[in-house]
Every structure is written in C-alpha cells, then in structure tokens.
Amino acid sequence: LLQWEHYLSCDGTPDPTVPQEINTFMSLWRDDQDEDIQLVMEKAEVVLNMIEKLQFLLLEASPEEITDKQRDQYQEVILQLQDLLHQKYNDATQNLLKVANMYEDSETGNMHTVLKDENITFCIWVNLKKKARFKNHVFQEAGHGFELPKSLALSSVAIRVLHTRYDHVSPLAASLKQNSSNTDDIKETEEETEKNSDVLDVPSQGIWLFFMCSTTKVLRLSILCVKNCSLEEAPKAVDLQQLLPLGGVYHISALQLPPQAQDIGDWSMVELLDVGLEVYPYSPGKAEDGTQEAVQITLRLPDNVIYFKVPVVARWDPAGQQWRTDGISKITYEAEEKSITFSMGDFYTVALLQDAHLNLPYQAWELHPAGVDEGLFTVTAVFATIQIQIKDNQCMLSSVVVEEEEMLSHITGKWMSPFALRAALKRAGVNIFPAEYSPKYVPVPRKAALAEVKAYEQMALLAAAFAFAHSKLHLTVHFFLQQVREHLTAGSAKDNDWSLFMFNGEKVQNLKLPETSEAFSEELEEESEFHSTLYHMLKDSASSEAMDKVERAGFLFIDSVYQLLLATRVLAYS
C-alpha cells in the first residue's frame, strides 16, 4: 500500500523501501558539500517524510506484510537518514561560519542569525569581537538565549542552538516501543492465553502487552510477553517509560570558529581546513565567587505543545545512550512567558520531558453515536478534556480544553487515521494512551485482560446505536462496570436513561444499582437475565431501530471505534 501511494504521488522523491533508490539518494546528498542552511532545511522535509513512512511501516505492518529482513533494513535506513540529516546541518553550519565576518552586526560587531520552519529553529551567534560585555545574547525571533562565562566571552567561539521539533536522539527502539499499537509477532489462541494469565498485571519476569488485529468485524487477539530490559541503574538517568521528551530536542553547542574570509584587493580569500565542524574545547573554570563556571540557557517552549507541569530538563549522555538530569541546575520555569532557564556545566543536547502518565487515570469518558457511521468520543483526563469525532476510518480532534481554554488549534479540525491522531496528540503533550508498562506508574485495580478486550469488541459493534459512559464505581471493583443507553438521534437520550452493566468476560448482567449510589451492590435489575456478551444482552431489550442501525454499521467505523478504545483503554484506566 505504501509503495502504491508513493507511485501515485509522483513527486520525484525516492521510495525509502527500495534500497537502490534510497541508497542513491543518500550517496548523492552526502557528496554535495556546498549547501547552506536553507537548502538543508528544504531537503529535510523530504527526509523527514521518508523517515515517517518507514516508522509507520514498522509500527503498523503485520509479519505477513513485511519480513524480518525488511524490518531490519527499514530500521537501518531510518538511522542512516537521521545521521545524514544531522551531518548536513553540521556541514551547512561550518559553511556559514567560514564567512561569518561578512554578516557582522553593526552594533556589536558580532554575527547572529535565526532561520526556522515547521521542523527546526536554527540559531547561531559568532563571537567575532571577543568583548566581555557581549557575553549574553537573546535570539529575538526564537526566544532562546544564553549567558556565557567570561572566559568564553573572550574566546573565538560560536554558540549554536539547533532546535529540532523531532527527536532523533532517543534510542530508536525506545521510540518505536512507545508508539507501537498493533503488532502480532507472537500469536496465541485465547484459550492458551487464559491459561497463562487472565489478569493484566506486571509480573516480575516480564510485561504482558496486548495487541489487536482486525479484519472487518472479526477481531483477533495476540499477546506479546516483553522481557524486561535490565539496564544498569544509574543515578540521575531518565526512565523513558515514565518521562517522555516533548517538543523536540535542543542541540546546544560551542563551536570552534574556522579561519575567516579576508578581502585582498578584488579577491576574497579563506584558508580551508579539512576538519569539518569542530566543537570548542571548553573546560569550566572558576567564577569570581569561587564556584564553578556555568553556561546559562533560556529556551522558549514551543507553542504547539502543552506542558501541564514544570518540564524536566535532561541532557543527552552519548556514552551511556541515555537522558540524564545531572549537570543541569538552577532551573526557573515561567509558565506565562512559556520559557525555562537553567545552568549547565558544559554544552549539551537537552530535552524537556513530561510525565507520560500525568493525565491518568481518566476522570470520566463517554462514547455516543453522532450520525451514520459517526461517533463522538470524550475523555476527561486529569488536566484536559479531549473530544474526538469518528467517521468511517477517520478521526478528528474536535477540541482539547485545559482550564476552560481550547488548545492545540494546529491539529484540531483535521481528519486523520486513529494511528496518526494518537501520534499527533502524544507529540503535543496530550498522552491519553497507556503503554504495556503503565500499570507500574498508574494505581489502577487489576482487571481481567481478555474481558477488557472483549468489551471493546462489543462496544465497537454496538457504537452505531448505543452510548457508553464511565461509572464512578468502576475503580472499586475487580470486574468491569459501565453505563449504557440506547442513543438513536441527538437529544433522544436523557440523563436518567442510563443502565449499569457488570461483566467479567464470561457473562454480562444488568444491575439494579443506580449510578448515583455511594456503595456497590450486585443486586440485579428485575426480570434481568445474564448473557455471555453485551451485544446479546442489549439485543434482548433494544428497539428494532437500534439493532437495525447496529447491523448496518460500516466495518471501517467499527474498526476506528475499536482502535480508539484499545488505544485509550478507558475501561482499565478510569
């Protein structure tokens, strides 16, 4: 499908799944040594699109669609493209530094510039005059800034802040795991699975990870047991299961200034050094008060990301291949100005991290029909209320409301696949998608895993004519409770029409208990019979019009509802 879409696009870009095409592209670009920043930014759009296509394949394709060899090939191409893109920014930076004195500022005598697009913000300051009074600078167009120790202010040094709105630093395997949603590498029957485990738990020897695959209305369960990766515990090392980099990565560098161009008569001459971009050899000395020198950095937070709490500032440790919080101090967060200031003992690549689970558990949720093969899914999380429209195989973010203010206008009102919407919300800081390891960080009761999956199947099949909602008593029991009512047209259902249903994967029962009750009771509704599925339970009491809507529901709509329910896992985390 991806290759067919690429063929139809006919845009002249290489197909990243075809080795000959992608290798030729990388080889030709690698040989082009004279590009400037602007040209690299334009080419980066193509590169990032290819990386995204390959990541989509790795996350969404089943073993029948791509082989293990292809999977390894795609991962290798992603890494090569990421490395080449960053190298190109370094090469273009070096080209700019060679002629920095041609663009010196008339007021300070130094050189500074900002270039930005939707993917990166490139800021550079070149210390041509080496005067102590110019030790700090603010890149006005970007909102980033710095203050240097006196020793650096007197040195031939360039300071670069390269903010990439993507993260090509965190390990590829970790980023793929965080975004994975649909894999069936290991297939087991439900009977075998029930023998192994009937609760969603985090056993000491591994993590039980649930994935679903769907073909029309036939839903299949696969369970993957992921063994724990026993990384050495290092103090100040970031747990990427708990904290996620958000808003991209900031490459903050002190760079060696190459020989500058000199005008001699009608000629402009420059000494060429075959060394590439060099890091300035900075060693922190002692400040006047006897403390160690530090570089002060101010970063303006991106507008298209929500930080619900003070972000954690972490630096990348290339040797340990991990994010760490040591080496960062004196953090000041200005929520109104959307900026954060901190001190560093050296120059680092840094990221701003947010708790992956701060919006869990959900406070409430509701799913109801909104037309033919259309629905509205509302999730009230800890800090935000999210509304998602569903239509056929597409989803649209209707609104994200935080403290009565609508947010994320850049992604609201746009139709996309459930997978794409999930990725967009996570990139924007609204993570309402529990991972396989989330029970370690969110205190929720253990629930029957297969019962949960079966419930999502049934809810998706019935979503064309029934509304479903959270029950406040759900967290007090170890089986599943939810409110259900028939919902044929807008305004047809009333608040007191809800019925409360209890199910454990084997039977469904209609409880007499009202939602307003303070204590739980298993007393059943009069003349109520139990059924093996929610579908059959509701079929017994539903109107013929409702069941007709259910039978005529499109499989694309059913699958989209199912994907959203499985991704958010509202029954387990509310």
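Any value given below was found using the heavy atoms of this structure, including those in side chains, with hydrogens, waters and symmetry copies removed.
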query = If you look at every heavy atom in M344 and I297, which pair is closest and at what distance?
reply = CE-CG1, 3.7 Å

task = Compare every heavy atom of N127 with every heavy atom of L154, then report the nearest pair and how far apart it is.
result = N-ND2, 4.2 Å

inquiry  = Under a 3.5 Å distance rule, please check whether Q363 uses its side chain to pair with a backbone N or O of L360 as donor and acceptor.
reply    = no

query = So, the side chain of N431 versus the backbone of A356: is there a donor-acceptor pair under 3.5 Å, distance only?
reply = yes

Aromatic contact, H112 with H137 (centres under 6.0 Å) = yes

note = Taken to the nearest 0.5 Å, the spacing of Y250 OH from L162 CG works out to 11.5 Å

inquiry  = Students often mix this up, so state it plainly: with edges at 30° and 60°, are the rings of H357 and Y441 parallel, tilted or perpendicular?
reply    = parallel

key: Nearest-0.5 Å distance that lies between atom NE2 in H86 and atom CG in N90   = 4.5 Å

message = Under a 3.5 Å distance rule, please check whether E104 uses its side chain to pair with a backbone N or O of L128 as donor and acceptor.
response = no

ask   = So, the side chain of N110 versus the backbone of K129: is there a donor-acceptor pair under 3.5 Å, distance only?
value = yes

inquiry  = Could you tell me if the side chain of T568 sits less than 4.5 Å from the side chain of W365, heavy atoms only?
reply    = no

key: Donor-acceptor pair, side chain of N95 and main chain of E35, under 3.5 angstrom   = yes

inquiry  = Any non-hydrogen side-chain atom of N49 less than 4.5 Å from a side-chain atom of P16?
reply    = no

remark   = Separation between CZ (R324) and CG (D326), nearest 0.5 Å, reads 4.0 Å

Pair T121-R165, side-chain donor/acceptor within less than 3.5 Å = yes

task = Please confirm whether the backbone N or O of P149 pairs with a side-chain atom of K135, one donor and one acceptor, at under 3.5 Å?
result = no

query = Checking H144 side chain against R300 main chain: does a donor-acceptor pair fall under 3.5 Å?
reply = yes

ask   = Do you know the tightest heavy-atom contact between Q94 and L277?
value = OE1-CD1, 3.4 Å

ask   = Atom CD1 of I328 and atom CZ of R315: how far apart are they, to the nearest 0.5 Å?
value = 7.0 Å

task = Side-chain contact test, heavy atoms from C-beta onward, threshold under 4.5 Å: evaluate it for L148 versus W125 and give yes or no.
result = yes

message = Less than 4.5 Å apart, side chain to side chain, heavy atoms only: is that true for N119 and M41?
response = no

Distance in Å, C123 SG paired with I159 CD1, rounded so as to fall on 0.5 Å steps = 12.0 Å

inquiry  = Is it the case that atom CD in E52 sees more than 12 heavy atoms from other parts of the structure closer than 6.0 Å?
reply    = no

request  = Kindly write out the residues that satisfy side chain to side chain donor-acceptor pair (under 3.5 Å) with W316, not counting sequence neighbours, or none if the list is empty.
outcome  = none

query = Within the distance-only criterion (no hydrogens, no angle test), does the side chain of Y362 pair as donor or acceptor with the backbone N or O of I432 below 3.5 angstrom?
reply = yes

request  = Flag the pair T113 / Y103 as yes when at least one side-chain heavy-atom distance between them is below 4.5 Å, and no otherwise.
outcome  = no

query = Between the side chain of R71 and the main-chain N/O of L58, is any donor-acceptor distance below 3.5 Å?
reply = yes

query = Is it true that a side-chain atom of Y307 and a backbone atom of L246 form a donor plus acceptor pair closer than 3.5 Å?
reply = yes

Of T341, L353, I340, the residue whose pairing with V313 passes side chain to side chain contact (heavy atoms under 4.5 Å, CB included) = I340

query = Roughly how far, to the nearest 0.5 Å, is CD1 of I120 from OH of Y166?
reply = 6.5 Å

query = Does the pair D83 and Q87 meet the rule for a side-chain contact (heavy atoms from CB on, under 4.5 Å), with working shown?
reply = CA-CA 6 Å; D83 290 343; Q87 182 58 48; over 6 Å; no

inquiry  = Just checking H251 against Y89, ring centres under 6.0 Å apart?
reply    = no

request  = Give the minimum heavy-atom separation between W29 and K88, together with the two atoms involved.
outcome  = O-NZ, 2.6 Å

query = Quick one: which of V401, T378, L397 gives a side chain to side chain contact (heavy atoms under 4.5 Å, CB included) with I386?
reply = L397

Where M26 and Q80 come nearest, the two heavy atoms and their spacing = CE-OE1, 3.1 Å

request  = Begin with the C-alpha distance, continue with both residues' side-chain angles, and end with the deciding distance and a verdict on side-chain contact (heavy atoms from CB on, under 4.5 Å) for L367 and I390.
outcome  = CA-CA 10 Å; L367 169 68; I390 310 165; 4.2 Å; yes

task = Under the side-chain contact (heavy atoms from CB on, under 4.5 Å) rule, what do N304 and I411 come out as? Steps first, then yes or no, please.
result = CA-CA 9 Å; N304 58 357; I411 56 174; over 6 Å; no

message = Show, in sequence, the C-alpha distance, side-chain angles and deciding distance for T349 and V249, and conclude whether the side-chain contact (heavy atoms from CB on, under 4.5 Å) test is met.
response = CA-CA 7 Å; T349 292; V249 173; 3.2 Å; yes

message = Taking the side chain as everything from C-beta on, heavy atoms only, tell me whether K309 gets closer than 4.5 Å to D355.
response = no

Close side-chain approach of M50 to L54, heavy-atom, < 4.5 Å = no

ask   = Tell me, do I252 and F146 make a side-chain contact under 4.5 Å, heavy atoms counted?
value = no

task = Determine the minimum heavy-atom distance between S438 and A435, stating which atoms define it.
result = OG-N, 2.7 Å

ask   = Quick one: side-chain hydrogen bond (donor to acceptor under 3.5 Å, both in side chains) pairs with a partner in residues 391-415, sequence neighbours left out?
value = Q389-S398

